[in-house]
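Before any comments, here is the structure.
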Amino acid sequence: MSGNSSPTQPIALYDSGVGGLSVLRAVRSALPREHLLYFGDQAKVPYGSRSLEELRSLAEASARFLLSQCAKLIVIACNTASAAALKHLRAVLPEVPFVGMEPAVKPAAEQTHTRKVGVLATPSTFQGELYASVVERFAQDVEIFQSTCPGLVSQIEKARLAAPKTRRILEEAVLPMLDAGADTLVLGCTHYPFVIPLIEKIAAGRARVIDPAPAVARQTARVLAERGLLNPGPDEGSLRFITSGEPAAFEYALSRLLGLNSKAEAAHWQGGELELISR
Ligand code: DGL
């Protein structure tokens, strides 16, 4: 598909659920003329504790589905799927431009004064080679504290951004890091930027928080420009949303997280492949 893609085709973004909307927000603001197609695999959320093998096959089927919907580039707007499947996707779909996420350990290592950094991510992301390699390459002299924030993805899926339970999960993750001297927090899961206001309240000025989404949007722009695929149109691009879960639940989260009152379409898993149900 993408070998002869045209600039007017959409950029696709893919996540386990609504987390990648934090990346969509940044892509929209960097590239307002681009048509964006978002797929949240809410039938399978959370991805964070699934095996690498399963994540690879979910990501490959999702990418093939997004290509069938005319994507010209796919942003894997999910750290977990990027860690597990990005290499595989580039090998099986070599003609497709992919942009992936990696925990922002490099900018954190550059910015920390205490040389202590906290990373919040899912278990699969921490276990993957990608995380080990960014730590090894960029943070050899930095002490890293890790937390998987159990239950946080599910709170954000329900758009419970300031609920007492959400606060408790974050306090348990972040306070020990701050008490140990971390002055920089890396959000290694695309769901987490939606709770930056709460993290900042908890941190009370003791740490800065790094959201990688703007850097991913810049990388998306670079890759499109290199391939001559930036949409030159004068108008604002369209937005299209698809979920493998309940459209009503997706629409509710979309309105709470981004203030957008758009409709979502449904796609269902059928024998390992995604099928669009409605348009
Ligand atoms: N938003 C995802 C990430 O960036 C996945 C969260 C999950 O489904 O566990 O890792």
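Just so we're clear, the structure is a prediction, and the values are computed from it rather than from any experiment.
Around atom CD of E54, more than 12 heavy atoms belonging to other residues, nucleotides or ligands sit under 6.0 Å away. A 6.0 Å sphere centred on CD of E273 holds no more than 12 heavy atoms belonging to other residues, nucleotides or ligands. R167 CZ: more than 12 foreign heavy atoms inside a 6.0 Å radius. For E129, the CD atom is loosely surrounded, since the number of other residues' heavy atoms within 6.0 Å does not exceed 12. By the neighbour-count criterion of 12 heavy atoms within 6.0 Å, atom CD of E53 is sparsely surrounded, having that number or fewer from other residues, nucleotides or ligands. K44 NZ: more than 12 foreign heavy atoms inside a 6.0 Å radius.
Clustering ILVMFWY residues whenever any of their side-chain heavy atoms sit less than 4.5 angstrom apart, transitively, puts I169 in the very cluster that holds F145. Cluster annotation: I210 and V23 are assigned to distinct hydrophobic clusters (Ile/Leu/Val/Met/Phe/Trp/Tyr, side-chain heavy-atom contacts under 4.5 Å, transitive). M101 and L130 are not part of a single hydrophobic cluster, where members link through side-chain heavy atoms under 4.5 Å apart. Hydrophobic clustering (ILVMFWY, side-chain heavy atoms < 4.5 Å, transitive): M177 and I196 are in one cluster. F39 and Y252 are not part of a single hydrophobic cluster, where members link through side-chain heavy atoms under 4.5 Å apart.
Summarising the geometry of I76 relative to F98, their closest heavy-atom pair is CD1-CD2, 4.0 Å, with the distance given to 0.1 Å. V223 and P97 make their closest contact through CG1-CB, 3.9 Å (heavy atoms, listed as atom of the first residue, atom of the second, distance).
Remark: the backbone N or O of V18 is paired with a side-chain donor or acceptor of E157 at under 3.5 angstrom. A donor-acceptor pair under 3.5 Å links the side-chain atoms of D183 to the main chain of T114, judged by distance alone. Counting only distance, with no hydrogens or angles, the side chain of R168 and the backbone of A163 share no donor-acceptor pair below 3.5 Å. Judged purely by atom type and a 3.5 angstrom limit, S238 has no side-chain atom pairing as donor or acceptor with the backbone of H35.
Among the candidates R115, K116, Q111, R208, the single residue satisfying the side-chain hydrogen bond (donor to acceptor under 3.5 Å, both in side chains) test with T184 is R208. Residue E34 forms a side chain to side chain contact (heavy atoms under 4.5 Å, CB included) with just one option from L224, T8, L73, T220, and that option is L224.
Taking the ring pair (Phe, Tyr, Trp, His ring centres under 6.0 Å) definition, one finds that F241 meets it with F250, sequence neighbours left out.
The OH atom of Y38 sits 9.0 Å away from atom CG of L258, with the distance rounded to the nearest 0.5 Å. To the nearest 0.5 Å, atom CG of residue L67 and atom NZ of residue K72 are 13.5 Å apart. With values rounded to the nearest 0.5 angstrom, E236 atom CD is found 12.0 Å from N231 atom CG. Here the NE2-CD distance, from H268 to Q270, works out to 8.5 Å after rounding to the nearest 0.5 Å. We find the OG-CG distance between S147 and L175 to be 11.0 Å, quoted to the nearest 0.5 Å. A distance of 10.0 Å separates CG of D41 from CZ of F65, quoted to the nearest 0.5 Å.
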Practice prompt. Start with the C-alpha distance between S62 and L274, add both sets of side-chain angles, then the distance that settles side-chain contact (heavy atoms from CB on, under 4.5 Å), and finish with yes or no.
Written response: CA-CA 7 Å; S62 299; L274 283 160; 3.9 Å; yes
Item to complete: Please assess L161 against L198 for the test side-chain contact (heavy atoms from CB on, under 4.5 Å), listing each intermediate value before the final yes or no.
Response: CA-CA 8 Å; L161 305 184; L198 186 52; over 6 Å; no
Practice prompt. Walk me through it: do C78 and Y47 pass the test side-chain contact (heavy atoms from CB on, under 4.5 Å)?
Written response: CA-CA 9 Å; C78 173; Y47 272 11; 4.1 Å; yes
Fill in: Pair Y192-V153, side-chain contact (heavy atoms from CB on, under 4.5 Å): steps then yes or no
CA-CA 8 Å; Y192 300 169; V153 165; 4.1 Å; yes
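Cluster partners of V105, using a side-chain heavy-atom cutoff of under 4.5 Å among ILVMFWY residues and allowing indirect links, are V117, V119, F126, Y131, V134, V135, F138, V142, I144, V186.
A donor-acceptor contact closer than 3.5 angstrom is absent between the side chains of Q155 and H191. Under the 3.5 Å distance criterion, with hydrogens and angles disregarded, a donor-acceptor pair is assigned to the side chains of S133 and R137. Counted by atom type alone, H88 and E60 present one or more donor-acceptor pairs between their side chains at under 3.5 Å. Side-chain contact of S22 with T190: a donor-acceptor pair under 3.5 Å is absent, judged by distance alone. Looking only at atom types and distance, the side chain of E246 has no donor-acceptor partner in the side chain of Q42 under 3.5 Å away.
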